Chemist: 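Once you've had a glance at the structure underneath, I'll fire off some questions.
Chain A is the first sequence line, chain B the second, and so forth, proteins listed ahead of strands; every chain is numbered from 1. Excluded from the calculations below are hydrogen atoms, water molecules and symmetry mates; all remaining heavy atoms, backbone and side chain alike, are included. Predicted, not measured: the structure shown is a model, and the values here were computed from it.
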Amino acid sequence: MPELPEVEVVRISLDTIICGLKIKNVDILNKKLRYIISANVKKDLKKQKIISVKRRAKFLLVNIDNNKTLLIHLGMTGKIFILDRTKKVTFKTSFYYYSNFLRKHNHLRIKFFNNLELIYNDVRKFGFIKLIKTNDLNNHSNLLNLGPEPLSKSFNFKYLKFKCLKSQKNIKNFLMDQKYVAGLGNIYVNEILFKSSINPRKITFKLKDFEICAIVKNTKKILKKSIKEGGSSIRDFKGTSGQDGYFQQSLMVYDRENQSCKKKTCKGKIKKINIGNRSSFFCKNCQK
DNA sequence: AGGCATGTTACAGG
DNA sequence: ACCTGTAACATGCC
């Protein structure tokens, strides 16, 4: 599912539901993910309490009270469900509609003493779950080379200009690269460049100051808006009552090939091109 | 049937 | 040692 806003929506939801809960048991239903789920996950989580749920880029960090952290990445199709086993008919789902046909892709189940269950489900198996020592977190290979959080103060004009001047990349690939700014993915980068009226193929050192400024401003604006609306940079996103995510309805360019540009004064059509093996959508008219 | 899909990373070549 | 681009991972949908 996930780019930064979706992961943040999951984080907020988990943080309010599972903090303080004590783990009764863990079942590894299918250990085959991007990395094999270690048997230690089952052993080390048992009887432990959840302290907090944090996020770094697209990673979820579930802090456990034995100085360990469960590092979760949702890959392309990872989903987390919370089920309420005290309710016999309807399950409590936190962000997705839980349906039976999804069950074959369940990988991990954490049962809590209060009868809530957390389920990690992943169709394409690009996600992963690792248990690591909390103290080693910052030096862990998956987190080591991440750039600043786009919503933090360190992602600002001065920083971005400095990095843009030193890079030969096009701006599309630059913003997708987690070492420059961490948490953006294909959909949001398309949307950010449209809103900033910048052609995705433009080389970063050629960007004008006002364009760099626009990227910073629009990145924060778009991410915040999407988090507020519940995130949904995914085709199969369903809210808790089955409705489409709001952000999906407000995508300006992504997946809109040949449709007309949504800017009122523009009559251009959205084009689709390939940049670095990923689809880029943009309006030729607005993004010169 | 074949192409495409929200992400990451190992690898080859410059 | 750095940078850049490509292929690979697994499954489902159109």
Chemist: Expressed in whole Å, how much space separates the P atoms belonging to B:dT8 and C:dG12?
Modeler: 22 Å
Chemist: Whole-Å distance between C:dA10 P and A:M76 CE?
Modeler: 14 Å
Chemist: What nucleotide among B:dT6, C:dA10, B:dA5 has an atom nearest to a side-chain atom of A:K272?
Modeler: B:dA5
Chemist: Below 4.0 angstrom from OP1 or OP2 of C:dT11, is there any side-chain N or O of A:K125?
Modeler: yes
Chemist: What dot-bracket string describes DNA chain B from 5' to 3', counting Watson-Crick and G-U wobble pairs whose defining distances are under 3.5 Å, with [ ] for crossing pairs and | for pairs to another strand?
Modeler: .||||.||||||||
Chemist: Going by the ring-ring contact (aromatic ring centres under 6.0 Å, His included) test, which pairs reach into residues 268-288 of chain A, not counting sequence neighbours?
Modeler: A:Y254-A:F281
Chemist: What is the separation between atom CZ on A:F59 and atom C1' on B:dT8, rounded to the nearest whole Å?
Modeler: 8 Å
Chemist: Taking the side chain of A:N277 as heavy atoms from C-beta outward, which of B:dA5, C:dT6, B:dT6 is closest to it?
Modeler: C:dT6
Chemist: Ignoring hydrogens and angles, does a donor from either the side chain of A:R124 or the base of B:dA5 sit under 3.5 Å from an acceptor on the other?
Modeler: yes
Chemist: Tell me every residue that passes side chain to side chain contact (heavy atoms under 4.5 Å, CB included) with A:S260, counting only those two or more places apart in sequence or in another chain.
Modeler: none
Chemist: Pairs in or reaching into residues 2-24 of chain A: which pass ring-ring contact (aromatic ring centres under 6.0 Å, His included), with residues at least two apart or in two chains?
Modeler: none
Chemist: Could you note down all residue pairs passing ring-ring contact (aromatic ring centres under 6.0 Å, His included) where residues 29-68 of chain A supplies at least one of them, sequence neighbours left out?
Modeler: A:Y35-A:F128, A:F59-A:H73
Chemist: Given that A:H73 and A:S279 both sit by DNA chain B, which one's nearest nucleotide is further toward the 5' end?
Modeler: A:S279
Chemist: Between the base of B:dG7 and the ring of A:F126 - centre-to-centre under 5.5 Å, planes within under 30° - is that a stack?
Modeler: yes
Chemist: Please classify the nucleic acid contact of A:G276 as base, sugar-phosphate, or nothing, using heavy-atom distances under 4.0 Å.
Modeler: nothing
Chemist: If you take any heavy atom closer than 4.0 Å to DNA chain C, which residues from residues 134-150 of chain A end up in contact?
Modeler: none
Chemist: When the side chains of residues 27-34 of chain A are checked against the rest of the protein, which donor-acceptor pairs come out under 3.5 Å, sequence neighbours left out?
Modeler:
| residue | atom | partner | partner atom | Å |
| --- | --- | --- | --- | --- |
| A:D27 | OD2 | A:R109 | NE | 3.4 |
| A:D27 | OD2 | A:R109 | NH2 | 3.2 |
| A:N30 | OD1 | A:K32 | N | 3.1 |

Chemist: Which residues pass the ring-ring contact (aromatic ring centres under 6.0 Å, His included) test with A:F174, not counting sequence neighbours?
Modeler: A:Y180
Chemist: Under 3.5 Å, is there a donor on one side chain and an acceptor on the other for A:S280 and A:N274?
Modeler: no
Chemist: For C:dT6 and B:dC4, measure between their P atoms and round to the nearest Å.
Modeler: 15 Å
Chemist: Please figure out whether A:Y35 or A:N274 has its closest DNA chain B nucleotide nearer the 5' end.
Modeler: A:N274
Chemist: If a pair satisfies ring-ring contact (aromatic ring centres under 6.0 Å, His included) and one of its residues is in residues 139-160 of chain A, list it, with sequence neighbours excluded.
Modeler: none
Chemist: Enumerate, atom names and distances included, each donor-acceptor pair closer than 3.5 Å involving a side-chain atom of residues 200-213 of chain A, sequence neighbours excluded.
Modeler:
| residue | atom | partner | partner atom | Å |
| --- | --- | --- | --- | --- |
| A:K202 | NZ | A:E211 | OE1 | 3.2 |
| A:K202 | NZ | A:E211 | OE2 | 3.3 |
| A:T204 | OG1 | A:C164 | O | 3.0 |
| A:T204 | OG1 | A:S167 | O | 3.1 |
| A:D209 | OD1 | A:K161 | NZ | 3.0 |
| A:D209 | OD2 | A:K161 | NZ | 3.4 |
| A:E211 | OE1 | A:K208 | N | 2.9 |

Chemist: Please list, by residue number, the residues of residues 166-175 of chain A whose heavy atoms come closer than 4.0 Å to an atom of DNA chain B; answer none if no residue qualifies.
Modeler: none
Chemist: Considering residues at least two apart in sequence or located in another chain, which fulfil the side chain to side chain donor-acceptor pair (under 3.5 Å) criterion with A:N139?
Modeler: none
Chemist: So, under a plain 3.5 Å distance rule, would you say the side chain of A:R34 forms a donor-acceptor pair with the base of B:dT8?
Modeler: yes
Chemist: Any luck finding a side-chain donor-acceptor pair between A:K263 and A:N285 under 3.5 Å?
Modeler: no
Chemist: Answer with yes or no whether the side chains of A:S226 and A:Y188 bring together a donor and an acceptor at under 3.5 Å.
Modeler: yes
